[in-house]
K.L.:
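Please read through the structure below; I'll follow up with questions.
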2 protein chains.
Amino acid sequence: MTNRKLEILTLAQHLFKERGYSATSVRDIAKAAGVEAASLYSHINGKEELLDRTCFTMAERFILGIKEVNDIYFDAALKLKMAVDTHVNILSNNIDASVVFQRDWRHLNEERRAEFIELRNAYEEEFRVIVQNGIDEGLFNEVDVKFAALTILSSLNWIVEWYNTEGSLSASEIAENLYNFILTGLKK
Amino acid sequence: MTNRKLEILTLAQHLFKERGYSATSVRDIAKAAGVEAASLYSHINGKEELLDRTCFTMAERFILGIKEVNDIYFDAALKLKMAVDTHVNILSNNIDASVVFQRDWRHLNEERRAEFIELRNAYEEEFRVIVQNGIDEGLFNEVDVKFAALTILSSLNWIVEWYNTEGSLSASEIAENLYNFILTGLKK
DNA sequence: CCTACCGATCGGTAGG
DNA sequence: CCTACCGATCGGTAGG
């Protein structure tokens, strides 16, 4: 990918985040890039390619992250801690792309959408395995594993709605707070 | 609101949920209603009215729900339990509208969007107050109140992504699971 | 609720 | 990277 193409992709991701994929026109992206709409097509195949790259690049990042965590750590609680930390770090380092990844994957074409859902399921499965390990090791309560994994991921994903790089909490601090919340809850 | 208008609104909410507000055309809605696009305009003022009604009707439901909870209960843990139950019940009884409420409010016009954000903030504030009460009463850990309220709400809101009325868990069971998770976390 | 139609904008192409 | 342009579709209106 050329520098210029990456530049266009980054601009597009920002617009997609702000307005949504469908409500962002090729002309909006062109304007942000300082060129005419037609000129974009010497760099990209079409609008959908920008969505596709965003969704699959993010999916790869998340999957790579969780695989690394699972390779390095053995204790389920530590695995969960590191998985949360990795997830939050990927989100906070790619806020625009993360929102698109979470919200606009529905606009992928049928074939790619199916592939995307498979990748997302594989990622969620890794979280389920960690929770199951924790239960087997006697560390975690005997919760519904599927339910717990979804709840954990949803509490993580929402941060893209309010996270900003100039906020009082760093990504690592947010991850630590979230991990503590997931592990011990509100109760004193 | 006439029956026919409510019918059109319900059909629109379903399409908005599936495709997103921007990617749903007036003709899509008309087709679902079994009429020509022009015929819709004897019932509605425009596409945006359908979004507006959806967002604000849901906002009112949530706010009414939390006010009722705060009026009836005094103990912070019980308040939280009932707030979670009410929230999950509203979500599960209005899945289509809930998704639109959560995702597509961005497409409201500037003025209405500002009003909407205020309502949402007011709702979140009620959750913050409950968490703060719990801390003051010595029931809850001394967490960051704003952070905790956001995390609680995010873990609740995600259920619209996978909830289906024929699933093995009822809305009340889901609410109970979520409450237990929020209160005590994973740790044994 | 319909037919007929509006101007605006859409994603994208041809040709340079 | 541009000008010029394409057919398709958009939200919506006029008039019945």
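Model, not experiment: these values are computed from the prediction. Reminder, nothing fancy here: chain letters follow the sequence lines and each chain counts from 1. Heavy atoms only: backbone and side chains are in, while hydrogens, waters and symmetry mates are out.
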K.L.:
With salt bridge (Lys or Arg N to Asp or Glu O under 4.0 Å) as the criterion, how do E60(A) and R53(A) come out once you've worked through the C-alpha distance, each side chain's angles and the decisive distance to 0.1 Å?
P.N.:
CA-CA 10 Å; E60(A) 278 165 30; R53(A) 289 256 184 182; over 6 Å; no

K.L.:
Closest to the Y41(A) side chain: dA4(D), dG11(C), dC2(C)?
P.N.:
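Looking only at heavy atoms from C-beta outward on Y41(A), the closest nucleotide is dG11(C).
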
K.L.:
For the pair made of CD1 in I44(A) and C1' in dG12(C), what is the distance, rounded to whole Å?
P.N.:
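After rounding, the gap between these two atoms is 10 Å.
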
K.L.:
Quick check with a 6.0 Å cut-off and a 45 degree axis cone: is R113(A) positioned over the face of W105(A)'s six-membered ring?
P.N.:
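No, R113(A) does not lie over the aromatic ring of W105(A).
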
K.L.:
Quick one: on DNA chain C, does A38(A) or D28(A) contact a more 5' nucleotide (nearest heavy atom)?
P.N.:
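In this pair, the answer is D28(A).
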
K.L.:
Among dC1(D), dC2(C), dC1(C), which is the nearest nucleotide to the side chain of S39(A)?
P.N.:
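Side chain of S39(A) sits closest to dC1(D).
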
K.L.:
Decide whether a cation-pi geometry holds between K47(B) and Y21(B); the criteria are a distance under 6.0 Å from NZ or CZ to the six-membered ring centre and an angle within 45° of the ring axis.
P.N.:
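Ring-cation test returns yes.
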
K.L.:
Quick one: which of dG11(C), dC2(D), dG12(D) gets closest to the side chain of V26(A)?
P.N.:
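Of the candidates, dG11(C) comes closest.
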
K.L.:
With a 4.0 Å limit, can you tell me whether S25(A) has a side-chain N or O closer than that to the phosphate oxygens OP1/OP2 of dT9(C)?
P.N.:
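Result: no.
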
K.L.:
How is T24(B) classified with respect to the nucleic acid when contacts are heavy atoms under 4.0 Å: base, sugar-phosphate, or nothing?
P.N.:
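If one applies the 4.0 Å heavy-atom cut-off, T24(B) turns out to touch the sugar-phosphate alone, with no base involved.
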
K.L.:
Toss me the dot-bracket line for DNA chain D: Watson-Crick and G-U wobble, both under 3.5 Å, 5' to 3', using | for pairs to another strand and [ ] for crossers.
P.N.:
||||||||||||||||

K.L.:
Which residue lies toward the 5' end of DNA chain D, R27(A) or S42(A), if each is placed at its nearest nucleotide?
P.N.:
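Nearest-nucleotide comparison on DNA chain D picks S42(A).
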
K.L.:
To which residues is F74(B) joined in a hydrophobic cluster, defined by side-chain heavy-atom contacts under 4.5 Å among Ile, Leu, Val, Met, Phe, Trp and Tyr, whether direct or through other members?
P.N.:
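None; F74(B) is a cluster of one.
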
K.L.:
Would you mind reading off the distance between L40(B) atom CG and dA14(D) atom P, rounded to a whole angstrom?
P.N.:
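In whole Å, dA14(D) P lies 17 Å from L40(B) CG.
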
K.L.:
Have a look at Q13(B) and tell me which of N94(B), T57(B), D104(B), T54(B) forms a side chain to side chain donor-acceptor pair (under 3.5 Å) with it.
P.N.:
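With Q13(B) as partner, side chain to side chain donor-acceptor pair (under 3.5 Å) holds for just one option, T54(B).
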
K.L.:
Tell me, do L153(B) and E124(B) make a side-chain contact under 4.5 Å, heavy atoms counted?
P.N.:
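A side-chain contact exists here, since the closest heavy-atom pair is under 4.5 Å.
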
K.L.:
Starting at NZ of K31(A) and ending at P of dC10(C), how long is that distance when rounded to a whole Å?
P.N.:
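Those two atoms, NZ and P, are 11 Å apart.
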
K.L.:
When the distance from CD1 of I29(B) to C1' of dC10(D) is rounded to whole Å, what number comes out?
P.N.:
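In whole Å, dC10(D) C1' and I29(B) CD1 are 12 Å from each other.
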
